[in-house]
Amino acid sequence: MDSTTFVALLSSVLFTIGVLGVLLRRSALLIFMSVELMLNAANLAFVAFAHRWVQLDGQIFVFFVMAVAAAEVAVGLALIVTIFRTKRSTNVDDLAALKG
Amino acid sequence: MTPDLPILIVLGAVSIASALGLLLSRNAIYAALFLVLNFGVGAVIYLVLNAPFIAVVQVSVYAGAIMVLFLFVIMLLGAERLSPGENPPGISFQRPLAIALGGVLLGLALYALFVRQPPTTATALADSSPTAIGLSLFGPYLFPFEVVSILLLVAMVGAVVLTRNR
Amino acid sequence: MALFILSPILFPLLGLLINALWGRRMSERAIGGVATLAAAAAFVVSMLMLGQLTAAEDARLTATIAPWIAAGALNVSFGFLVDRLSIVIMLIVTGIGTLIHMFSIGYMRGDERFQRYFIYLNLFLASMLTLVMADNFLVMFMGWELVGLCSYLLIGFWFKNLKNAEAGRKAFVVNRIGDVGFVLGILLIFVTFGSLSFADVFGQAEAQGETLAGAIGLITLLLFIGATGKSAQIPLFVWLPDAMAGPTPVSALIHAATMVTAGVYMMTRASALYELAPATQAIVALVGALTAFVAGTSALRQLDIKKVLAYSTVSQLGYMVAACGLGAFIAADFHLLTHAFFKAALFLAAGSVIHGIEHGMHAAHNSAPVDPQDMRYMGGLARKMPVTFAAFLLGGLALAGVPPLSGFFSKDEILLDAFKHNLPAFALLAVSSVVTAFYVGRQLTLVFAGRPRSEAAAHAVESNWLMTMPLIALTIGTVFAGLFNFPGAHPLTDWLAPVVRHGDAPKFDAPLAAVFSALAIGALAIAWFLYRNPDRAQAEAETGMGRLLAKAWCFDDAYRWAIVKPFYIISTVCAQVIDVGVIDAAVNGVGRLFHTLGNSLRSLQTGFVRNYGLVMLIGVVFVVAYFALNAR
Amino acid sequence: MPVLLEATLKSVVLIFVLLTGFAYLTLMERKVLARLQARIGPNRAGPLGLLQPLADGLKLIFKESITPAGADKPIYFLAPVLVVVPALILFAVIPVGKGPAFQLASEINVGALYVVGVMGVAVYGITLAGWASNNKYAALGGLRASAQVISYELGMGLSIVAVVLMASSASLADIVEAQMPGNILGWFIFRQPVAAAIFAITAMAELARAPFDLVEAEQELTAGFMTEYSGMKFALFFMGEYVKMIAVSALFATFFLGGWSGPFVDQVPILSVVYFTIKVVACLLLMIWTRATLPRMRYDRLMSFGWKVLTPVALANVIVTAFLIALGVPGYQ
């Protein structure tokens, strides 16, 4: 096993943990952090394969992912703060008003 | 077997442990700190993989800005204590199904990684100096770069508008 | 230059605009004056154009205002053309139009929709001139439809009476049937020639008439269907007698002198095409002759003063159409010209009579109200209304074809053509010629001779100068219009020859003319003797043949049974069975289906965002599985 | 593994120097402050009070270590460490003398970015200390610290960007080289005065030192995030602050004062370390002087000054610098 394969393996494990975090945690903050974990796992894979193919593009992509993540965090946290003001809670299961 | 592998295995173990900590912690502050640790380990992995620029950007953006913001919001809201995960009635299948699907996803990834045998690694090192990255960003990736800058601007305005006190 | 060429259209539009915008604050005289002046200005401009056109034989005034439709091969512009043919019609339309505008000021006095009447009238003038001045089939069709609209508006002008509104609707519907033919003809012209401009189409037809004979035959037939609608030919003539529901000046202008001749004008304009389609021409000639006969005989038993004239108009239009069918397009135009004069004069005289009777009804207090148009309650008006009588008499004699009045010359030309080329048509036309003289004599006798047969008639008085002036002017025209194509000189033939096909120019045939003059005078005399006893008119309508004629050969009833009734039945079936049972059921069924579907699917929307995430993950797993297990 | 050995040795020496420096920096601050306030300052322990830091250390070691009952223990213990570590690891990229021998991670080519990143991470200790203490003053101090650091990080980063633009390299060694055209005017403080001023101000804010010490404003928040800390944990905070002071001074010297450059460094390389130390001490003196002179800012003014003045000015400075370089103005390549 070479380092790239190992990092890719690590990336898939982290991604799965992130998925589970999104689906199992009930706090919006935790869900959000799990999403960041998933993004980070993807970044790891990008860098790992950039390393394998001796290409810079993977790293450039990571750069963009980070910029998008920053934008997402800004809006996401603003949303959480706004929701918390009215609901006094960050529990997403409390936000189930729109159901069939 | 490459010389980096022992370091990577240690880092990987820490990384997975911190991710599990995030998944299982009962306190949002701890979760955030686990995530910071995870990001920090990620930065070191980037260094090992010959991506120093990405590594320091990871530290300054994720650890230095994003996670500080998370901590700030958690403390500001006083929302650190998380109630134990009790699913509301009606979606009791959520937990087992999610775990099963997550397992399937991981299995698929492992299958693709080990059974499908991707080509072997290259030995050369790419030039990943800030200069090379800058030339890429402002060369072939100029348009995505501009798009991302506009996205950031929009996100900034959005965040301000969302949290403004009326 | 373009403005000058357009000015005949623009003047009525200007008058319309003034009346529409400020008419509410203007007196009746002012409104009528503006409208009449607008018509007169159009007439003056037309005269100026006539002057320009005399310069050269092939002189044409053309103006293209703007592109209209430019879609692929189809390229139509708002193009206008004044040549020797259109100027003749323009002069008739504006000249007679001016006189009738003037007459209307007196006739419509005190009407509650006086302003609207003159707006419609000016709109009609503009539309009719658009039709006449068009330089392509599409602009012509636009004018064609606009005059149809004006006709509909004016027939139903007194729409508070349901019968009038229904008459307007009937005219509209019947005309649409003809218009379908016209539109199809235009489309076929485009398909065949790739253009709609007169110049292109006729030029191409001339160049390759032989190869396109089949298409041209179909085109001419379709255009003729349009003409049967507008010019009231069999089988679509039924609307015109009903159109008498409109004000009498309208009947004079639109339903006698101008609009109804649009079909004849159109066929004359397309004479280059008709000449290449002998089969169509035969049909046209026969239909025209048959119409002349059927309508003429129908006029024999009418009791309404305007209905007689209406059937007479249909009959005379039959003459013109028959002339077109015989290839005598110039003869048709000549008859169009003379007919415009004498029929307008007759209608205005009839209007004057009606006006007088109505006046008499007001004057004779507590007299039983009578139908002011029913000839049975008239009689003896010659002395009460001398000017009207003179006009009616001269117009009637012209209609009957008594020399040397105008109708004699124009009708004679057509009869001569028919005699030379088409004997069946000639037979029908000859019979109707005699019939014409007979019903003219009958009408003159019933209306003007003898004693007044009602209080109203007894108190009738001559109309004022606003009405008699145009009457006199038209009567003068009636007397002298024959000069336009006086035998031997043929100025009209010479004038139109460069633009209209005319076969061999018919020479005046003295024996034939003498025979028909004698027949006409004889028929008039017989009518005079027969109808001096007015009860005869009453009695006639009751008998079998009389009933048939009074109902104009029962065309209306035939339509009612053959078309209207089945249509009602089909509509009822559609509305109550198909619409409710099939269409509504299908639409409601679709709605119900999705309602049920939505109800059963709504439980999927739990409201828990993590649940949706889980569903997303299922999709992700499938996509990843596809790529991990399958790809490459 | 000679590389690893060399790095370890360098680290040990560096940490020893920094700890000593920290100790005597506290003495220096007290002495200078005293002089500026017309006092004498500590002069009892040892000659000229030179043993005073030792006495302070002994006292703190023997003090009782108190942990509040409601505190979040792991984080409460972790926080002081998190304050010291970033301050120490900043030195990894700073060239303290001429050549790779005097730099720990000499081959790293993203030094300037590393500095920005580590400066950003440094706030964790303060924030977490404030939160873990379960004390409202401490929590307020922690919140203030995170907001303040995030706000001023931007200005600092942009001022460093201007420097990086000037040197066209993110490596700190290259930046020092770029300031050595042989004369003192090559220093970036002369070629980038605006960036230098912004860096100085934002550095002071990142350190949370007067006049930006809202984090521990004693009149409002008792001692801010440190309120519940005592004994060695308190000493660690103290140490973190002063090591960071030294680090920031070293960075300012590197970025704007020509680093280790000076006369005769080519002949006698060890002189470079001396020059660097002199420059660092000068910066430290300036910082103490500032503390003694300026009053504390109000919190809202602090934030609006950071966002509405420093950040736009720094941005404009970057743009102007880029234009000057692109146009090839003398002194800007």
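In the text below, chain A, chain B and the rest are named by the order of the sequence lines, each starting its count at 1.
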Checklist entry - Do you know which two heavy atoms are closest between B/Val73 and A/Val81, and how far apart they sit? => result CG1-CG2, 4.0 Å

Checklist entry - A/Met66 and B/Val57: which non-hydrogen atoms are nearest, and at how many Å? => result SD-CG1, 3.5 Å

Next on the checklist: What part of A/Leu14 gets within 4.5 angstrom of chain B, counting heavy atoms only: side chain, backbone, both, or neither?
Outcome noted: side chain

Checklist entry - Judged by atom type as modelled, is there a donor-acceptor pair below 3.5 Å linking the side chain of A/Arg25 to the main-chain atoms of B/Leu23? => result yes

Next on the checklist: If you count heavy-atom pairs within less than 4.5 Å of chain B, which of A/Ser12, A/Ser11, A/Gly21 leads?
Outcome noted: A/Ser12

Checklist entry - Given a strict heavy-atom distance threshold of 4.5 Å, which part of A/Ile60 is in contact with chain B: side chain, backbone, both, or neither? => result side chain

Item to check | chain A contact via B/Ile16 - which portion, at a heavy-atom distance below 4.5 Å | outcome: both

Checklist entry - Taking the side chain as C-beta and beyond, is there a heavy-atom pair between A/Phe15 and B/Leu105 under 4.5 Å? => result yes

Checklist outcome for this item: All heavy atoms of A/Leu24 vs all of B/Ile99, minimum pair found to be CD1-CG1, 4.1 Å

Checklist entry - How far apart are the closest heavy atoms of B/Ala31 and A/Leu30, and which atoms are they? => result CB-CD1, 3.7 Å

Checklist entry - Could you state the interatomic distance from CG (B/Leu8) to CG (A/Leu9), rounded to the nearest 0.5 Å? => result 11.5 Å

Checklist entry - Non-hydrogen atoms of chain B under 4.5 Å away: do they reach the side chain of A/Glu36, the backbone, both or neither? => result both

Checklist outcome for this item: Note: vs chain A, highest number of non-hydrogen pairs under 4.5 angstrom among B/Leu151, B/Leu97, B/Leu108 is B/Leu151

Checklist outcome for this item: Scanning both residues in full, the closest heavy-atom pair of B/Pro144 with A/Phe64 reads CB-CZ, 3.7 Å

Item to check | Residue B/Ala65 versus chain A: region with a heavy atom under 4.5 Å | outcome: neither

Next on the checklist: With a 4.5 angstrom heavy-atom cut-off, is it the side chain or the backbone of A/Leu10 that approaches chain B, or both, or neither?
Outcome noted: side chain

Next on the checklist: Tell me if a side-chain donor or acceptor on A/Thr82 pairs with a main-chain N or O of B/Leu162 at a distance below 3.5 Å.
Outcome noted: yes

Item to check | Inter-residue atom distance A/Gln59.CD - B/Asn50.CG, 0.5 Å rounding | outcome: 7.0 Å

Checklist entry - With under 30° as parallel and over 60° as perpendicular, where do the rings of B/Phe70 and A/Phe32 fit, or are they tilted in between? => result perpendicular

Item to check | Contact origin within A/Val19 toward chain B - heavy atom pairs under 4.5 Å | outcome: side chain

Item to check | Portion of B/Leu24 that has a non-hydrogen atom of chain A nearer than 4.5 angstrom | outcome: backbone

Next on the checklist: If you count heavy-atom pairs within less than 4.5 Å of chain B, which of A/Val68, A/Leu44, A/Val13 leads?
Outcome noted: A/Leu44

Checklist entry - Which value, rounded to the nearest 0.5 Å, describes the distance between A/Leu56 atom CG and B/Phe53 atom CZ? => result 10.0 Å

Next on the checklist: For A/Ala41, which atoms come within 4.5 Å of any heavy atom of chain B: side chain, backbone, both, or neither?
Outcome noted: neither

Checklist entry - What's the shortest heavy-atom distance between B/Ala159 and A/Ala74, and which atoms? => result CB-O, 3.6 Å

Checklist outcome for this item: Rounding to 0.5 Å, atoms OG (A/Ser34) and CG (B/Leu22) come to a distance of 4.5 Å

Checklist outcome for this item: Under 4.5 Å to a heavy atom of chain A? For B/Ile45 that would be side chain

Checklist entry - Rounded to the nearest 0.5 Å, how far apart are OG of B/Ser136 and CG of A/Asp57? => result 6.0 Å

Next on the checklist: Using a 4.5 angstrom heavy-atom cutoff, name the option from B/Gly42, B/Ala109, B/Ala19, B/Ser18 with the most pairs to chain A.
Outcome noted: B/Ala19

Item to check | Toward chain B, the part of A/Arg85 with a non-hydrogen atom under 4.5 Å | outcome: side chain

Checklist entry - Hey, does A/Asn40 have a side-chain heavy atom less than 4.5 Å from the side chain of B/Phe39? => result yes

Checklist entry - Is the shortest heavy-atom distance from the side chain of A/Met33 to the side chain of B/Phe34 under 4.5 Å? => result no

Checklist entry - Contact part of A/Val7 toward chain B, heavy-atom cut-off under 4.5 Å: side chain, backbone, both or neither? => result side chain

Item to check | Backbone of A/Leu23 reached by a side-chain donor or acceptor of B/Arg95 within 3.5 Å | outcome: no

Checklist entry - B/Val154, B/Asn38, B/Val157: which one forms the most heavy-atom pairs within less than 4.5 Å of chain A? => result B/Asn38

Item to check | Spacing of B/Leu110 atom CG and A/Thr16 atom OG1 [to the nearest 0.5 Å] | outcome: 8.0 Å

Next on the checklist: Is the shortest side-chain heavy-atom distance between B/Leu76 and A/Phe84 below 4.5 Å?
Outcome noted: no

Next on the checklist: Taking the side chain as everything from C-beta on, heavy atoms only, tell me whether B/Tyr62 gets closer than 4.5 Å to A/Asn43.
Outcome noted: yes

